[in-house]
Amino acid sequence: MHWQRISLALAIACGSTVAIPQLSQPSQNTGAGTLRWSDASFPVENFQGYTSPFGYRRSPTGEPTTEFHNGLDFAAPQGSYIRNWWVGQVIEVSDHTACGTLVRIQSGAWEHVYCHMMGRVEQTPQGRAMVDRAGGIFILEGQRVPTGARIGRVGMTGRTTGPHLHWTLRYRGQLVNPAVVLQAMYGSQAQR
Ligand SMILES: [Zn+2]
């Protein structure tokens, strides 16, 4: 197991800049050597734009409110495929929260959650699964998923007003602004 340490600064939703020192990259012992942030997969196809940042939402008058948005929203047409950010294990599938149909994946100290998907949870002979037949998606709780694998499709399940992917990241149980991770992914790609 190799952990690459990265320091970076970021602009968060409120506009101030904070440093997140030593954010550790998820890593797997693949025998292929050191994995880099740039090995991660962008989580959605047909990306159209970020519609809601991580952090406290603003009221129409621009004042911060008490509603905390624990992820980043990616707008994409309904039915666009969602791709697994980093190789890991599916630790939960669900379809009865505000998050809608969701898949939660563990990659070392990281947890990544994909919300508002199409499809629903079914009890299958192999176990609990998120099933989206029209999209050809069958994700079993406990299964391993490679980086970049299609794990669902953008939908409107749960509390949402339009099709988008809500993506939540945690590192050792603590929420992380996904924008920081995307910055690290593109930063290391730029260095290649
Ligand atoms: Zn969201």
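Numbering of residues begins at 1 and proceeds along the displayed sequence. Values below: every heavy atom of this structure, side chains too, minus hydrogens, waters and symmetry copies. In each ligand, atom 1 is the first atom listed, and ligand 1 is the first ligand listed.
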A side-chain contact here means heavy atoms from C-beta on lying under 4.5 Å apart; do Val181 and Leu169 qualify? yes
Short check: any N/O/S atom of His116 below 2.8 Å from the Zn ion (ligand 1)? no
Of all the N, O or S atoms in Asp73, the one nearest to the Zn ion (ligand 1) is OD1
With a 3.5 Å distance limit and no angle check, can you tell me whether Arg128 reaches the backbone of Val93 through a side-chain donor-acceptor pair? yes
Closer than 2.8 Å to the Zn ion (ligand 1): does that hold for any N, O or S atom in His164? no
Any idea which N/O/S atom from His166 gets closest to the Zn ion (ligand 1)? ND1
Do any N or O atoms from the side chain of Thr168 and from the backbone of Val113 form a donor-acceptor pair under 3.5 angstrom? no
Taking Gly135's backbone N and O only, do any of them form a donor-acceptor pair with Tyr81's side chain (distance below 3.5 Å, no angle check)? yes
